[in-house]
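Each chain gets a letter, A, B and so on, in the order the sequences are listed, and its residues count up from 1. Computed from a predicted model, the values in this text were never measured in an experiment.
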Amino acid sequence: MQHRIPVETLGKEGEVMAHAIEACVHCGFCLPTCPTYVVLQEEMDSPRGRIFLMKEVLEGNLPLEEALPYLDRCLACQACVTACPSGVPYGELIAAFRLHTEEKRHRYPLERAFRLALLRTLPHPERFRPLAALGVGLKPLLKPLPLPKALRAPLELLPERLPKEAPYPEVYPAKGERKARVGLLLGCAQRVLRPSINEATLRVLQENGVEVVLLREQACCGALNLHAGDKEGARALARQNLKAFREVEYVVTNAAGCGSGMKEYPLLFLGEPEEEEARRLAAKVKDLTVILEALGFTPPPPPPRPLRVAYHDACHLAHAQGVREAPRRLLKAAGVEVLEPKEWELCCGSAGTYNLFQPEIAAALGQRKAANLKATGAELVVTGNIGCLTQIQAHLDLPVLHTAELLALLYAGKDPLLETLA
Amino acid sequence: MAGVRPERVAEVQEAVRLHPRLRPRGGGTKPALSTPREGEVALDLSGLRGILAYEPEEFVFTAYAGTPLQEVEEALKAHGQYLPFHPPLAGRGATLGGTVAAGLSGPLRARYGGVRDFLLGVRFVDGEGRLVRGGGQVVKNAAGFPFHRLMVGALGAFGVMVELSFKVFPRPQATRTLRVEMESLEAALEALERLRLLPLDLLALDLVPPGRLEIRLGGFPESLRSRLERLQALLGREGEVLEEDEAHWEAVRDLAFLEESPIWAKVPAGLALIPRLEGLPLGPRRYLDGGEVLYAGLDGEGLEALRREGLPYLVLKGAEDPLFPPPPAPFFHRLKEALDPRSRFPLG
Amino acid sequence: MGFLEELRALFPPGRLLTKEAELAPYESDALTAYRKRPLAVVLPQRKEEVVEAVRLCHRHGVPFVARGSGTSLSGGSLPVEGGLVIALNRMNRILRLDPKARIAVVEPGVVNLEVSRAAAPYGLYYAPDPSSQPISTIGGNVAFNSGGAHCLKYGMTANHVLGLEVVTPEGEVVRLGGEGLEGVGPDLHGFFVGTEGLLGVALEVTLRLLPKPEAYHTLLAAYGSLEAAGETVSRILRQGLLPGAIEIMDRLAIEAAEAAVKAGYPRAEALLIVELEGPREEVAEEARVLEALIRESGAQEVRVARDEAERQAIWKGRKAAFSAVGRLSPDYIVQDGVVPRSRLAEALREIGRLSQAYGLRVANVFHAGDGNLHPLVLYDGKKPGELERAEALAGEILRLCIQLGGSLTGEHGIGVEKKAYMPEMFAKEDLEAMERVKRALDPKGLANRGKVLPEVAHGRG
């Protein structure tokens, strides 16, 4: 598409955005896979429409504030990237646009405070844990009250009880011959809400001959800040990780959003001294399922009885990282029957903090996803991302596990259905 | 009764400008449509005949509207092709134009579709004597208003067709027909419903009520036997197999089974409607294309019954007022005003 | 009351769009070279609302454009400056699917592919398959008489529409056609299909469904030249075969498709895709004939899809080819001319010559079975004069199609893009007849104003 964006004045980010806009031919192939378009059926809430809006803003034809309601509704799930025949890097475009415009936009004091509070607490487990514990404690009391939406949504996503996170050893040794030595990104909210995912990940890596070093200096990946347009916050976290993971061969991630977040470091440091190092790190980042396949998967003993599992594609694995087959192959190798839901490409509505800021659309998507998963006839659902897991669980009456959790149960010779019922 | 018989397109235009009321006629095989009414001049198009262009490899031909179907089909047959919509009354002298104007298709429409699906383009003379083109001479075309489709079934209301282009297909190398007798109408309808949902690529699927099904297969001689056996298994009966079936189907499409009836009518049907139609006083009849359309012989009582039931029909022979119901008023009349403002043509 | 106030009374806030940011994304369809800012966009949810909107436009003399997914490549859903856009996307219900009658009754905003999805449990499908099938709506398909890869054998949208409920530009609601394959009286629904929204808006569409073919045989053959691929097509048809689809792509298009979807196509000057379909015994016989013929055709490489996944892989590259060309060039014009099939080779040679003469690359993707060419003229709009050169080249290609006895458009429609060429294909009398029809049904000229009909109907000769 033709544009008149003053690229010269917008710096490196300007080039990224202009390139993406140029590549769009307005064909509309993105429409049916865009979650907000599917729900709202209007052009402004489609990737094609948003690209047009961003172009208008960048060209100076449209005030930023007018375009924001629609741009804010984007989940950045990148389903459109998978669907796009012309290769528009939409993920980079929306991330760069949010970074570029955050300081220019107006936010109401309350909104600003809420947003800031989130960005200051969620990425830091030591701050988030007490807050979450408070929420869990108050949940039964608050639930019947007519709460404002901004409070109700996060409350509903909290679990009934907050499990304890056991301390991690410095090094988690491999079982048998050591095939690799990797760093594991522990994540932020995941550590608080569901520490069993990291525990399971360590167990699965161990079973597969992988030694894991748990680098204390690591931080949250910063994706939350990056996608909220908080460039400095994101950079501060990313710098910590650049340093922490400098020496390891691979960085294993077990949350889709963290993996794709770290792969976006080069964009975050575009034109900065750290850009090169960010590229090197991004190349080392691998999802758990990818590394297991690459190193040669040692399957667990088959499940004690046949198990029908629906696999949910987390957007930041499937669309942002292009990882769809590896987890399926692992599950099949583990002797599990893998069922495919309809509309696999459609986001579940979690999308980082999306379900906190856009609860109505998120709920519509969550219900739709849950119905599609249920319709497969599965006994349990497996996915590779804590956000999806929490969101789907809120709408579905089947157990939802992380891929690592299911595999770890199988390595332990347990019956996943009995375990999840308990 | 005065009449004109143009032999060139310009003469058609002249005739239209000259006469206030006209009734086009091709082969005269559907007299209910082509017989001039009071005050009308017969416009005999049988002189405007001949194939203008035919490239077998294109699967397309263009001919004058007055060209008899038989002439066209002979030319096609020489190149292993045919008119897949299987125009009725070919053996009685029906023409291309008359077939389009009446909107008629025969039993073999079951395979690929009816006359509306094979007409690609038209040149017609409108009510002011102007020569107008719609569509084209290629199998795929989306340019301009599709006047050619407007001609189908319009009984000449919008203009006098002078030239028509059609898509044609390769003729099946071999054919077979399976005839089975079901014990009742219900059983026959049940079988029809099943067959219609299966990808059997039947050339024809006719119901002769109450219970006879006639099914025609076409294709490679090598594959016909096994396809026929599958069909027999599906129906759970051997039936009767016609190895030489061409003459039979020619007689069917010439509507030989209506010979004794005073009124010949085409009645849009469909599986859901057949039981209702079967309760009416109709004469000899046959449902084509899985029950989609009925050709029936009837008398005045039968016609009256159809009208009373509000069932649409087109009479080909034996009635003064052939079309029921009349076309949808506002839309049709606007079009008519645009193309035939002086109401020179039928359906004024 | 003014027009907008009355609209406000009809549509609640979220369904009447008037702000700049709401209107901007509706300014273009898939032909972004044209942009027009509408006065407002409405999002009706029921047909009564469409009717009311049209009546209101008629009372106030405001032009309107009905819009589906905005995938028109001819600018067919381009808004009228200051007019109303009626976006039908929320009217996306399949109202009835009757397997016994083999029909589906749908609202105009239903996406083409959804019809086949809904029909699949009954073994049925909706045959027309434009490349935009996962996105484009039935309403848009009806307006433009959309085609696809299977038109030689199965026809276009018009052949699969059995009935329509339509609101005329004056606000009258009429039912055209019915629910069966055969009707009596003029084929008014057949006429409505392809009139590009100039004669009204479809409110409800009755579609014909077909049994899904039992077996497919999908073959991919690579050739050293476009001519060789084209010659093979002629031989296939001379042999009396009637494949469901015959497609050709040239080197540039292959490259683009590879880059986009990694279809695994062989590198070649031309690729031919042939798909046979039907009962398995019949397909087996046809496949024998086809393979013998391909063996002797000088193909460099031949692949036959062994399963549905391989078949889909072959098609995926072809269906993505248009948009994929966006990877090779910042801008391009998609053309949609038709030539008689026997003139294909001639047309391609001439397009190659024109491409050289204009110094612009042209990628070719086409439905070879029905002579429908899709030359994609690649250009860079940032280079001065290049757009004009590309348009001139595209125009020459259209003229070429007309000279060879073909058509300006096989399936994309005339829209705004090709209306200037109408007088080269149609005579004055033809265009005047279209105008008279338009005036009779739309005396104020409100429905999709500015499309199809050239400003002056001077016509050819």
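If you tally non-hydrogen atom pairs under 4.5 Å between each of C:Gly190, C:Ser146, C:Gly194 and chain B, the highest count goes to C:Gly190. The candidate with the highest count of non-hydrogen atom pairs below 4.5 Å against chain B, out of C:Val339, C:Leu188, C:Thr157, C:Asn145, is C:Leu188. The choice from C:Glu286, C:Arg208, C:Lys438 that makes the most heavy-atom pairs within less than 4.5 Å of chain B is C:Glu286. The candidate from B:Leu197, B:Leu273, B:Leu314 with the greatest count of non-hydrogen atom pairs under 4.5 Å with chain C is B:Leu197. Listed options B:Leu335, B:Val139, B:Asn141, B:Leu155 were ranked by heavy-atom pairs under 4.5 angstrom with chain C; first place goes to B:Asn141. With respect to chain B, the highest number of heavy-atom pairs below 4.5 Å among C:His189, C:Glu277, C:Arg175 belongs to C:His189. Comparing C:Ser234, C:Ala101, C:Ala284, C:Ser74 by heavy-atom pairs within less than 4.5 Å of chain B, the highest count is held by C:Ser234. Each of C:Lys418, C:Arg439, C:Met422, C:His367 has some count of heavy-atom pairs under 4.5 Å with chain B, and the biggest count is that of C:His367. The greatest number of non-hydrogen atom pairs below 4.5 Å with chain C, out of B:Ser226, B:Pro312, B:Gly270, is found for B:Ser226. Of the listed residues B:Ala338, B:Pro170, B:Pro199, B:Gly80, the one with more heavy-atom pairs under 4.5 angstrom with chain C than any other is B:Pro199. Among B:Leu347, B:Val293, B:Leu192, B:Val267, the residue with the largest count of heavy-atom pairs under 4.5 Å with chain C is B:Val293. Annotation: maximal heavy-atom pairing with chain C below 4.5 Å, among B:Arg109, B:Gln137, B:Arg194, occurs at B:Arg109.
Within the 3.5 Å criterion, the main-chain N or O of B:Leu200 finds no donor-acceptor partner in the side chain of C:Glu214. In this structure, C:Glu281 contributes its side chain and B:Leu224 its backbone to no donor-acceptor pair below 3.5 Å. Between the side chain of C:Arg102 and the backbone N or O of B:Arg196 there is at least one donor-acceptor pair closer than 3.5 Å. Side-chain atoms of B:Lys140 come within 3.5 Å of backbone atoms of C:Gly148 as a donor-acceptor pair (strictly under, hydrogens ignored). Side-chain atoms of B:Arg133 never come within 3.5 Å of backbone atoms of C:Phe426 as a donor-acceptor pair (strictly under, hydrogens ignored). Checking side-chain atoms of B:Glu57 against main-chain N and O of C:Leu237 turns up no donor-acceptor pair under 3.5 Å.
Using a 4.5 Å cut-off between heavy atoms, B:Val132 touches chain C through backbone and side chain atoms alike. For C:Val289, the part sitting under 4.5 Å from any heavy atom of chain B is the side chain, from C-beta outward, and nothing else. In this structure, chain C has heavy atoms under 4.5 Å from both the backbone and the side chain of B:Phe147. Within the 4.5 angstrom heavy-atom criterion, only side-chain atoms of B:Glu193, from C-beta onward, approach chain C. Contact of B:Lys167 with chain C is made through the side chain alone, with heavy-atom distances under 4.5 Å. Both the backbone and the side chain of C:Ser342 come within less than 4.5 Å of a heavy atom in chain B. Looking at C:Leu210, neither its backbone nor its side chain comes within 4.5 Å of chain B, counting heavy atoms on both sides. Contact annotation for B:Pro146: both backbone and side-chain heavy atoms come within less than 4.5 Å of a heavy atom of chain C. With a 4.5 Å cut-off on non-hydrogen atoms, B:Leu323 touches chain C through its side chain but not through its backbone. Heavy-atom distances place the backbone of C:Phe144, and not its side chain, under 4.5 Å from chain B. Neither the backbone nor the side chain of B:Ala157 has a heavy atom closer than 4.5 Å to any heavy atom of chain C. For C:Lys419, no part lies near chain B; criterion is any non-hydrogen pair under 4.5 Å. Within the 4.5 angstrom heavy-atom criterion, only side-chain atoms of B:Arg111, from C-beta onward, approach chain C. Only the backbone of C:Pro213 comes within less than 4.5 Å of a heavy atom in chain B; its side chain stays farther off. Using a 4.5 Å cut-off between heavy atoms, B:Phe169 touches chain C through its side chain atoms alone. With a 4.5 angstrom heavy-atom cutoff, B:Asp126 touches chain C only via side-chain atoms. At a 4.5 Å heavy-atom cutoff, the contact between B:Phe158 and chain C is made by side-chain atoms alone. At a 4.5 Å heavy-atom cutoff, the contact between B:Leu198 and chain C is made by backbone atoms alone.
Residue B:Phe324 comes nearest to C:Val184 through the heavy atom pair O-CG2, 3.8 Å, listed as atom of the first residue, atom of the second, then distance. Nearest heavy-atom pair across B:Glu58 and C:Arg341 is OE1-N, 2.7 Å. Between C:Pro279 and B:Asp201, the shortest heavy-atom distance links the atoms CD-OD2, 3.2 Å. C:Leu241 and B:Phe59 make their closest contact through O-CZ, 4.3 Å (heavy atoms, listed as atom of the first residue, atom of the second, distance). In this structure, B:Lys266 and C:Gly183 approach most closely via the heavy-atom pair NZ-O, 2.9 Å. Considering every non-hydrogen atom in both C:Asp187 and B:Arg116, the closest pair reads OD2-NE, 2.7 Å.
Distance CD/B:Glu292 to CD/C:Glu179: 10.5 Å, rounded to 0.5 Å. Summarising the geometry, atom CG belonging to C:Asp98 is positioned 9.0 Å from atom CG belonging to B:Leu271; distances are rounded to the nearest 0.5 Å. Rounded to the nearest 0.5 Å, atoms CE (C:Met434) and CG (B:Leu339) are 11.0 Å apart.
No side-chain donor-acceptor contact under 3.5 Å links B:Ser223 and C:Glu285.
Salt bridge status for C:Arg436 with B:Glu128: absent, with no side-chain N to carboxylate O gap under 4.0 Å. A salt bridge does not link B:Glu222 to C:Arg288: none of the charged nitrogens lies less than 4.0 Å from a carboxylate oxygen. Between C:Glu172 and B:Arg334 there is a salt bridge, since a side-chain N of the basic residue sits under 4.0 Å from a carboxylate O of the acidic one.
Residues C:Glu170 and B:Pro330 have side chains not in contact (no heavy-atom distance under 4.5 Å, counting atoms from C-beta outward).
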Practice task
Take C:Arg343 and B:Glu55, measure what salt bridge (charged side-chain N to carboxylate O under 4.0 Å, His left out) needs, and give me the verdict at the end.
Solution key: CA-CA 11 Å; C:Arg343 316 289 293 267; B:Glu55 294 263 354; over 6 Å; no

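The six-membered or imidazole ring of B:Tyr112 lies away from that of C:Tyr154, with a centre-to-centre distance of 6.0 Å or more.
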